[in-house]
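Shown next, in structure tokens, is the structure this report addresses.
Chain letters run A, B, ... following the sequence lines, proteins first and then strands; every chain starts at 1.
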Number of protein chains: 2
Amino acid sequence: MFPQTIDGIKDHLKTKGIKPSLQRVKIYEYLITHRSHPTIDEIYNALADELMTLSKTTVYNTLNLFVEKKVAIVILLEENETRYDADVSNHGHFQCIECNKVLDFNYDLAQHPIKDLEGHMVTEYHAYMKGVCNDCIKSKKEC
Amino acid sequence: MFPQTIDGIKDHLKTKGIKPSLQRVKIYEYLITHRSHPTIDEIYNALADELMTLSKTTVYNTLNLFVEKKVAIVILLEENETRYDADVSNHGHFQCIECNKVLDFNYDLAQHPIKDLEGHMVTEYHAYMKGVCNDCIKSKKEC
DNA sequence: GTATCTGCAAAACATTTGCAATTCT
DNA sequence: AGAATTGCAAATGTTTTGCAGATAC
């Protein structure tokens with residue numbers, strides 16, 4: 001599903017019109033190897049050790065570029081918290097309100113025609129849910 | 001669907017555990033008479049003339065209270081933009097990427113069981129789409 | 001050598017907090 | 001009077017912008 005090698009990542013980015021700089025490749029690699037839908041902060045903190053001079057501005061620039069070039073999508077689940085996902089296919093997200101974990105789920109809204117939207121041109125589909133994940137349900141029962 | 005009178009609004013807020021102060025009643029009235037899913041700024045600007053001393057803090061406080069007491073929901077459609085809706089039922093939102101208008105649509109995600117989420121407890125359902133509304137499609141054709 | 005990319009510092013916004021003044025009962 | 005609410009000013013946090021230096025082709 002995702003490129004498996006650094007060269008694969010470079011080729012993928014090039015195909016999408018993105019020059020594969022070190023920072024961009026590392027950020028994309030982080031996104032595809034950490035499917036937790038990280039925030040800018042999480043990405044920055046994770047890579048700052050390895051890329052000593054990395055700045056948050058670059059992380060912002062890069063993710064804005066990724067979204068514009070459609071190699072990543074923005075995930076909105078909470079106010080004041082923008083998360084990113086390298087899986088650009090139509091799928092849903094479930095966030096646990098106890099542990100804040102985000103799970104993907106298979107669901108393509110585009111497959112469900114909506115009467116109220118006839119006549120409009122739909123280009124993006126988003127579905128998300130919140131609740132308590134099974135891990136947190138278990139931990140609660142133990143108390 | 002929504003209370004039709006000021007007294008109706010007061011009763012509704014009281015039922016939900018909210019003391020109906022002037023500011024709260026006016027903000028709730030604005031929400032149910034302007035179904036455009038306004039931002040804090042839009043609500044503040046719309047009411048500032050009438051409520052001379054209204055502060056943005058009060059608009060923030062009030063909407064946080066409304067969400068907590070479940071008389072309004074947060075609508076996330078864009079980064080850094082929180083919108084509010086007094087319709088707390090499960091339904092979807094469509095935003096036009098040309099004119100930014102937000103339309104409601106009838107769609108209850110809760111009616112669509114998701115295999116990947118078996119074992120988790122889902123308490124909130126959100127669906128939204130983006131695209132170009134029919135008004136903007138028409139204006140484009142005219143050019 | 002010219003374009004682009006990076007990263008610092010500052011600016012721009014959105015939201016929250018602390019607290020004093022006001023309102024309501 | 002006592003409790004809750006309002007609203008100002010300051011603080012916090014996130015994202016963008018301007019620009020100078022570094023990098024790539």
Side-chain angles (χ1 to χ4, degrees), chain A residues 6-7 9-11 13-14 16-30 37-69 71-84 100, chain B residues 6-7 9-11 13-14 16-30 37-69 71-84 100:
Chain A
I6 297 299
D7 281 345
I9 290 176
K10 285 185 185 173
D11 286 344
L13 296 182
K14 272 189 224 164
K16 298 289 189 161
I18 299 168
K19 284 197 188 175
S21 72
L22 173 63
Q23 288 85 343
R24 288 168 177 176
V25 170
K26 283 288 176 189
I27 291 172
Y28 189 78
E29 183 189 26
Y30 183 85
H37 315 84
T39 61
I40 293 284
D41 235 58
E42 285 163 5
I43 299 169
Y44 172 76
N45 290 328
L47 296 177
D49 276 350
E50 193 180 347
L51 303 174
M52 302 287 291
T53 67
L54 183 66
S55 82
K56 237 178 221 185
T57 303
T58 299
V59 183
Y60 276 107
N61 288 341
T62 301
L63 282 152
N64 287 340
L65 181 68
F66 283 0
V67 171
E68 186 196 323
K69 299 294 190 181
V71 303
I73 56 171
V74 169
I75 308 286
L76 299 175
L77 291 167
E78 298 182 75
E79 305 168 57
N80 311 328
E81 196 183 73
T82 306
R83 295 171 174 273
Y84 295 88
N100 289 320
Chain B
I6 297 298
D7 280 345
I9 291 174
K10 286 186 185 173
D11 286 345
L13 295 181
K14 272 189 224 164
K16 298 288 188 160
I18 299 168
K19 284 199 188 170
S21 72
L22 174 62
Q23 288 85 343
R24 288 166 176 177
V25 170
K26 283 289 175 188
I27 291 171
Y28 190 77
E29 184 189 25
Y30 184 84
H37 317 82
T39 59
I40 294 284
D41 235 58
E42 286 163 4
I43 299 168
Y44 172 77
N45 289 327
L47 296 177
D49 276 349
E50 193 179 347
L51 303 174
M52 302 288 291
T53 66
L54 183 66
S55 82
K56 240 179 218 183
T57 302
T58 298
V59 183
Y60 276 106
N61 288 341
T62 301
L63 281 153
N64 286 341
L65 180 69
F66 283 179
V67 171
E68 185 196 324
K69 299 296 190 181
V71 302
I73 55 172
V74 169
I75 308 286
L76 300 174
L77 292 168
E78 298 181 75
E79 306 168 58
N80 312 326
E81 196 183 74
T82 307
R83 295 171 173 274
Y84 295 88
N100 290 319

Donor-acceptor contact below 3.5 Å, side chain B:Arg83 vs main chain B:Ile75: no

query: Looking only at atom types and distance, does a side-chain atom of A:Thr58 sit under 3.5 Å from a main-chain N or O of A:Leu54, one as donor and one as acceptor?
result: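 No, A:Thr58 side chain to A:Leu54 backbone: no donor-acceptor pair under 3.5 Å.
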
Tell me whether the side-chain N/O atoms of [X] come closer than 4.0 Å to OP1 or OP2 in [N].
| X | N | result |
| --- | --- | --- |
| B:Gln23 | C:dT23 | no |
| B:Asn64 | C:dT16 | yes |
| A:Ser55 | C:dT6 | no |
| A:Thr57 | C:dT6 | no |
| A:Tyr60 | D:dT15 | yes |
| A:Ser21 | C:dT6 | yes |

Let me know the distance between [atom1] of [X] and [atom2] of [N], rounded to the nearest Å.
| X | N | atom1 | atom2 | value |
| --- | --- | --- | --- | --- |
| B:Tyr84 | C:dA14 | OH | P | 12 Å |
| A:Lys69 | C:dT4 | NZ | P | 12 Å |
| A:Glu42 | D:dT14 | CD | P | 11 Å |
| A:Leu47 | C:dG7 | CG | P | 11 Å |
| B:Asp41 | C:dA12 | CG | P | 16 Å |
| A:Leu63 | D:dT15 | CG | C1' | 12 Å |
| B:Glu81 | D:dT14 | CD | P | 19 Å |
| B:Asn61 | C:dG18 | CG | P | 13 Å |

For [X], which contact category applies under a 4.0 Å heavy-atom criterion: base, sugar-phosphate, or nothing?
| X | value |
| --- | --- |
| B:Thr58 | base |
| A:Glu79 | nothing |
| A:Lys56 | nothing |

query: Relative to the 5' end of DNA chain D, which residue comes earlier, A:Thr82 or B:Ile18, by the nucleotide with the nearest heavy atom?
result: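 First, find each residue's nearest nucleotide; the 5'-ward one identifies B:Ile18.
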
field: Residue whose closest nucleotide on DNA chain D lies nearer the 5' end, B:Leu54 versus A:Ile40
entry: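 Closest to the 5' end, via its nearest nucleotide, is B:Leu54.
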
- request: Among C:dC5, D:dA4, D:dT15, find the nucleotide with the atom closest to the side chain of A:Lys19.
  value: C:dC5

Taking every non-hydrogen atom, the tightest pair across A:Glu50 and A:Lys26: OE2-NZ, 2.8 Å

task: Heavy atoms only: give me the nearest B:Val71-B:Tyr28 pair and the separation to one decimal.
output: O-CE1, 3.8 Å

- prompt: Taking side chain as C-beta onward, heavy atoms only, is B:Ile43 less than 4.5 Å from B:Leu63?
  reply: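 A side-chain contact exists here, since the closest heavy-atom pair is under 4.5 Å.
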
- prompt: Considering only heavy atoms from C-beta outward, does the side chain of A:Arg24 approach that of A:Leu65 to under 4.5 Å?
  reply: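 Yes, their side chains come closer than 4.5 Å.
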
task: Any strand is fair game: report the nucleotide pairing with C:dT4 by Watson-Crick or G-U wobble, both distances under 3.5 Å, or none.
output: D:dA22

